[in-house]
S.K.: 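Take a look at the following structure, please.
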Amino acid sequence: MQRKILVTSALPYANGPIHIGHLVEYIQTDIWVRFQKLRGNKCLYLCADDTHGTAIMIRAKKEGRSEEDLIASMSESHQKDFAGFGIEFDHYGSTNSDENRKLCGQFWQSLRDADLITERSIEQLYDPEANTFLADRFVRGTCPKCGLLDQAGDNCNCGHTYSPTELIDPKSTLSGATPVLKNAKHLFVELEQLRGFLTQWVDSEDSLQTEVANYLKGHFLGDELRDWDVSRPSPYFGFEIPDAPGNYWYVWFDAPIGYIATTEQWCKANNQTLDDWWKNKDCEIHHFIGKDITYFHTLFWPGMLKTAGYSLPKKVHIHGFLTVNGEKMSKSKGTFIAAETYLNQTNPSYLRYFYASKLSQRVEDIDLGIEEFARKVNTDLVGKVVNLASRVGKFAKQTGLAEVYPDDGGLFENAVAAGDEIASAYETCDYARAIRRIMELADAANPFVEHAKPWEMKKDPDRQDELRDVCTVALNLFRQLTIYLSPVLPDLATQCSEWLDEPIKSWEQSRTPLLGTQVGAFRRMLDRVQIEDLEKMIEDSKAESDETTSDVAKQFQDSDQPLKDEPLADEIGIEDFAKVDLRVARVISAEHVPDANKLLKLELSLGGDETRQVFAGIKAAYEPEKLVGRLVVMVANLKPRKMRFGLSEGMVTAAGPGGEDVFILGIDEGAKPGQRVH
RNA sequence: GGGGCUGUAGCUCAGUUGGUUAGAGCUGGGGACUCAUAAUCCCUAGGUCGCGGGUUCAAGUCCUGCCAGCCCUACCA
């Protein structure tokens with residue numbers, strides 16, 4: 001039976017280019033969609049740019065152009081990048097569309113009618129120069145709990161959390177102005193009213209991976225759900241709320257509705273009705289998203305859909321993030337690779353294959369190790385799969401394919417049997433499993449050619465029929481593998497189609513061998529990955545991230561990120577500095593604190609009998625044993641502070657954002673404990 | 001502290017509802033072949049399945065405690 005399936009990927013934000021981290025999702029989705037189409041299902045793949053919000057507004061202002069102008073050029077760049085990776089949308093829209101505005105209005109009215117909207121005034125910081133309310137991340141100031149200067153609006157480096165309104169001496173990062181407190185009316189959705197429904201939805205029917213369902217139950221559904229703030233006061237780039245002038249829907253309200261609006265645009269162009277896709281029990285809706293936006297899609301969104309009378313997603317497929325060489329993507333390491341940078345150096349099929357070989361149903365991060373990447377592509381794709389065609393290509397051009405499929409020891413039939421398992425792996429998004437099975441088939445195919453020794457047959461005029469049979473087997477096994485791989489490698493499928501003069505259109509073709517036809521001249525289908533290309537790609541990415549540095553700076557390639565993360569503090573006089581008594585101290589003991597996640601307990605000596613007990617948040621960065629004996633610089637006149645684990649009588653100075661990246665200040669040789677730092 | 005997930009050969013991972021000597025690919029070592037993109041084929045090395053208990057005739061597979069790692073959340077000079 002033909003299924004009717006609507007598929008979406010998360011809408012990329014129109015605030016930056018696509019990078020290889022984004023592509024995990026779009027490639028994952030594209031593979032699934034191509035698989036569904038190959039199986040003969042009616043499947044629609046839709047996506048759009050997410051265009052609203054403060055960040056877009058600010059960026060447009062900074063670049064001196066209109067928001068519309070900015071999002072138009074972003075959309076073009078996004079679509080070009082996607083096309084470069086063979087990601088084939090049925091339609092690519094924008095959340096800034098008439099259809100979306102209208103649908104937002106409908107959803108809004110349904111929420112009103114269901115009496116789910118409530119109004120409350122909240123106090124928020126406002127930038128009087130930029131004339132805008134400030135989201136937490138646009139405010140910095142002194143931490144109200146520990147006095148650290150220049151901390152983010154909602155938490156500081158030492159881990160305190162607070163409200164931006166508590167910050168001491170706050171500054172807007174937009175204008176540098178001192179924000180003022182201002183009351184503003186906000187509109188909220190009372191999600192709590194939907195808790196019963198959501199609990200049931202989360203639990204039922206396998207719409208979510210179990211770990212996700214557990215997360216939601218453990219984290220949100222166990223308690224009363226907080227109201228969801230869905231409005232933002234003017235100025236804001238978005239849709240104004242009709243019955244609350246001067247207020248706009250928050251970007252996360254209109255973004256998912258963009259899925260529907262984009263469908264509507266497609267429907268208009270294709271003479272279909274929206275309800276047939278979004279209010280039809282027989283239509284499955286599948287969302288593919290990253291783990292960071294889980295709760296928007298699994299709580300708010302189902303709640304909105306339910307209230308407005310639309311179909312609920314059959315499944316929300318959630319994936320993890322991409323790491324490169326085992327670490328978070330990093331601009332300074334050149335592993336923050338833009339789609340365009342990748343395409344300039346190497347082949348998109350490689351990445352599609354690599355991601356496919358790593359993706360499972362789990363919400364696990366996947367790692368792109370450069371060496372693993374090259375090895376996998378070269379050994380699996382080139383060495384095993386394409387080699388099968390390559391090694392008999394010349395012979396086959398002369399012999400053509402036999403009329404009757406020869407005895408191949410059951411290889412073809414075996415691969416037909418494996419087809420169901422491979423299909424079900426694709427269906428459940430366990431691509432790693434599908435690829436594993438396909439490679440097992442490829443592993444069995446090469447020895448067949450090896451043992452048949454076609455190169456000997458070629459020399460013997462009496463054995464031309466045998467040669468043709470070997471070619472027939474090898475090419476049919478290759479064709480079968482290509483069909484199985486075609487959702488992942490559409491380009492390879494196209495090449496195979498052209499070569500054998502038979503379009504690959506259906507999964508069913510893998511069940512019957514191709515016989516009795518001529519074969520075109522073989523052309524190389526895929527080159528091996530050159531490590532140098534990958535290195536070049538990383539070099540290029542590095543270069544993009546710091547094009548504006550001086551010579552010495554270039555030599556060291558120091559990134560500007562730390563300064564951006566933590567801009568310079570206000571000027572002070574020497575008398576202010578003198579208040580801080582920094583001393584050289586020796587670590588005389590260091591130990592883990594039971595129950596503390598980030599802390600080490602240090603005993604510091606200032607010489608003689610003078611010691612201080614200090615708790616330092618450096619557990620992730622330093623082994624206690626390695627600290628013992630070394631000299632550090634401590635703040636010695638800090639007022640002792642009682643912590644859960646005991647009294648802390650000072651502070652060890654260190655640089656870095658925290659976590660593993662903490663670097664204790666050392667001092668050159670010769671310094672003695674107790675000496676003051678001036 | 002609370003929640004989620006993971007821990008199987010050097011590396012990446014398979015191991016179905018518990019059932020004979022724990023598997024694959026890659027890497028390593030040895031050999032063969034030459035049709036093929038230094039591709040391919042054959043042979044070989046290698047693991048007290050994180051650790052300790054328990055249930056069972058039988059546990060990598062179930063239960064429990066601990067250890068390590070990752071993520072979320074709170075706390076954290």
Side-chain angles (χ1 to χ4, degrees), chain A residues 143 145-148 155-161 209-220 222 291-292 294-295 320-321 323 326 357-358 360 362-367 369 371-373 375-376 378-384 386-396 421 432-433 435-437 439-440 442-443 445-459 467 470-471 474 522 524-530 593-599 602 612-620 634-635 638-654 658:
Chain A
C143 170
K145 305 207 174 153
C146 66
L148 268 182
N155 69 85
C156 87
N157 278 344
C158 52
H160 292 110
T161 54
Q209 288 126 296
T210 49
E211 62 214 280
V212 178
N214 288 339
Y215 159 72
L216 294 171
K217 281 186 273 183
H219 246 284
F220 297 100
K291 64 182 180 181
D292 52 330
T294 296
Y295 85 142
F321 294 150
T323 58
S357 78
K358 298 289 262 186
S360 70
R362 294 232 193 81
V363 190
E364 227 170 31
D365 290 353
I366 68 171
D367 184 56
E371 282 173 28
E372 191 192 357
F373 176 85
R375 214 183 42 214
K376 236 174 182 151
N378 287 344
T379 57
D380 290 1
L381 280 188
V382 181
K384 287 177 188 169
V386 177
N387 184 48
L388 207 51
S390 177
R391 70 191 309 187
V392 296
K394 251 187 257 165
F395 307 146
E421 199 188 322
R433 185 188 195 94
I435 297 295
R436 223 181 298 127
R437 289 295 284 130
M439 285 310 137
E440 280 172 23
D443 275 334
N446 271 303
F448 173 84
V449 180
E450 191 79 16
H451 297 318
K453 301 191 202 304
W455 55 93
E456 286 180 6
M457 297 173 179
K458 186 188 71 172
K459 294 172 190 156
L467 179 60
V470 172
C471 291
F522 177 76
R524 182 187 275 240
M525 295 180 176
L526 202 62
D527 291 310
R528 295 167 61 78
V529 180
Q530 303 298 319
V593 183
D595 295 337
N597 281 336
K598 300 186 179 172
L599 298 178
L602 306 179
R612 295 279 192 282
Q613 170 175 286
V614 171
F615 289 90
I618 55 173
K619 178 174 172 172
M634 75 173 294
V635 184
L638 204 55
K639 186 173 161 190
R641 167 139 175 160
K642 214 159 120 191
M643 296 181 61
R644 198 172 101 210
F645 310 105
L647 196 65
S648 191
E649 308 168 296
M651 184 167 152
V652 173
T653 53

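Proteins get letters first, then strands, A, B, ... in listed order; numbering begins at 1 in each. All values below were derived from every heavy atom in this structure, side-chain atoms included, with hydrogens, water molecules and symmetry-related copies excluded.
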S.K.: What's the NZ-C1' distance between A/Lys291 and B/G4, to the nearest Å?
M.R.: 11 Å

S.K.: Assuming nearest nucleotide by heavy-atom distance, tell me which of A/Phe615 and A/Lys458 is located more 5' along RNA chain B.
M.R.: A/Lys458

S.K.: I'd like the C1' distance from B/G46 over to B/C67, given in whole Å.
M.R.: 25 Å

S.K.: What nucleotide, of B/A39, B/A36, B/C42, holds the atom closest to the side chain of A/Arg528?
M.R.: B/A39

S.K.: Taking atom C1' in both B/A24 and B/A45, what distance in whole Å separates the two?
M.R.: 16 Å

S.K.: What is the nucleic acid contact for A/Lys453, judged by heavy atoms within less than 4.0 Å: base, sugar-phosphate only, or nothing?
M.R.: nothing

S.K.: For B/U12 and B/G53, measure between their P atoms and round to the nearest Å.
M.R.: 29 Å

S.K.: Expressed in whole Å, how much space separates the C1' atoms belonging to B/C13 and B/U8?
M.R.: 9 Å

S.K.: Write down the distance between CZ (A/Phe448) and P (B/C35), rounded to a whole number of angstrom.
M.R.: 18 Å

S.K.: Find the distance A/Met439:CE to B/A24:C1' and express it as a whole number of Å.
M.R.: 13 Å

S.K.: Does A/Glu211 come within less than 4.0 Å of A/Lys291, counting only side-chain N to carboxylate O?
M.R.: no

S.K.: Indicate whether OP1 or OP2 belonging to B/U12 is found under 4.0 Å from a side-chain N or O atom of A/Lys376.
M.R.: no

S.K.: For B/U27 and B/U40, measure between their P atoms and round to the nearest Å.
M.R.: 8 Å

S.K.: Taking only the P atom of each, what is the distance from B/G4 to B/C66 in whole angstrom?
M.R.: 15 Å

S.K.: Determine the interatomic distance between C1' on B/U73 and the same-named atom on B/U17; round to the nearest Å.
M.R.: 36 Å

S.K.: To the nearest Å, give me how far apart CZ (A/Arg437) and C1' (B/G15) are.
M.R.: 13 Å

S.K.: Less than 4.0 angstrom between a side-chain N/O of A/Arg433 and OP1 or OP2 of B/A24, yes or no?
M.R.: no

S.K.: Name the pairing partner of B/U20, where a pair is Watson-Crick or G-U wobble with both distances under 3.5 Å, or state none.
M.R.: none

S.K.: Rounded at 0.5 Å granularity, tell me how far CG in A/Asn378 sits from CZ in A/Phe373.
M.R.: 9.5 Å

S.K.: Report yes if some heavy atom in the side chain of A/Lys358 is under 4.5 Å from a heavy atom in the side chain of A/Lys376; otherwise report no.
M.R.: yes

S.K.: Of the options B/U34, B/C76, B/C5, whose atoms approach the side-chain atoms of A/Trp455 most closely?
M.R.: B/U34

S.K.: Which nucleotide, in any strand shown, forms a Watson-Crick or G-U wobble pair with B/A77, with both distances under 3.5 Å?
M.R.: none

S.K.: Expressed in angstrom and rounded to an integer, what is the separation of A/Asp380 atom CG from B/A24 atom C1'?
M.R.: 12 Å

S.K.: Using a 4.0 Å heavy-atom cut-off, does A/Asp443 contact any base of the nucleic acid, only the sugar-phosphate backbone, or nothing at all?
M.R.: sugar-phosphate

S.K.: Hey, does A/Val392 reach any base, or is it just sugar-phosphate, or nothing, if we go heavy atoms under 4.0 Å?
M.R.: nothing

S.K.: Specify the residue among A/Glu649 and A/Arg524 whose closest nucleotide of RNA chain B lies further upstream toward the 5′ end.
M.R.: A/Arg524

S.K.: Pick the C1' atom in B/A77 and in B/G2, then give their distance to the nearest Å.
M.R.: 24 Å

S.K.: How would you label the contact of A/Pro454 with the nucleic acid (heavy atoms, under 4.0 Å): base, sugar-phosphate, or nothing?
M.R.: nothing

S.K.: Report the base-pairing partner of B/U61 (Watson-Crick or G-U wobble, both distances below 3.5 angstrom), or none.
M.R.: none

S.K.: Touch check for A/Arg436, heavy atoms < 4.0 angstrom, all strands: base, sugar-phosphate only, or nothing?
M.R.: sugar-phosphate

S.K.: Identify whether the distance between the nearest side-chain nitrogen and carboxylate oxygen of A/Glu450 and A/Arg391 falls below 4.0 Å.
M.R.: yes

S.K.: Does any N or O in the side chain of A/Ser390 come within less than 3.5 Å of the main-chain N or O of A/Val386, such that one atom is a donor and the other an acceptor?
M.R.: no

S.K.: With no hydrogens and no angle check, is any side-chain donor or acceptor of A/Asp365 less than 3.5 Å from a backbone partner on A/Gly320?
M.R.: no

S.K.: With both distances under 3.5 Å as the test, what is the Watson-Crick or G-U wobble partner of B/C41?
M.R.: B/G31

S.K.: Counting heavy atoms from C-beta on, name the nucleotide in B/A77, B/C41, B/C35 closest to the side chain of A/His451.
M.R.: B/C41

S.K.: According to the Watson-Crick and G-U wobble definitions, with both distances under 3.5 Å, which nucleotide is paired to B/C5?
M.R.: B/G69

S.K.: Which nucleotide, in any strand shown, forms a Watson-Crick or G-U wobble pair with B/G47, with both distances under 3.5 Å?
M.R.: none

S.K.: Hey, does A/Asn446 reach any base, or is it just sugar-phosphate, or nothing, if we go heavy atoms under 4.0 Å?
M.R.: sugar-phosphate

S.K.: Quick check for you: among B/C5, B/C26, B/C41, whose closest atom lies nearest to any side-chain atom of A/Arg375?
M.R.: B/C26

S.K.: Rounded to the Å, how far apart are A/Asn387 CG and B/U40 P?
M.R.: 6 Å

S.K.: How many Å lie between NZ on A/Lys394 and C1' on B/A39, as a whole number?
M.R.: 13 Å

S.K.: Heavy atoms only, 4.0 Å cut-off, all strands: where does A/Val386 land among base, sugar-phosphate and nothing?
M.R.: base

S.K.: Quick check for you: among B/C76, B/U40, B/C35, whose closest atom lies nearest to any side-chain atom of A/Phe395?
M.R.: B/C35

S.K.: Which part of the nucleic acid does A/Leu526 contact within heavy-atom distance under 4.0 Å: base, sugar-phosphate only, or nothing?
M.R.: base

S.K.: For A/Tyr215 and B/A74, what is the distance between atoms OH and P respectively, to the nearest whole Å?
M.R.: 10 Å

S.K.: CD of A/Glu371: more than 12 outside heavy atoms within 6.0 angstrom?
M.R.: no

S.K.: From the options B/U40, B/U12, B/U6, select the nucleotide whose nearest atom is closest to the side chain of A/Glu372.
M.R.: B/U12

S.K.: Hey, what's the ring geometry for A/Phe220 with A/Tyr215, parallel, tilted or perpendicular (30° and 60° as the breaks)?
M.R.: perpendicular

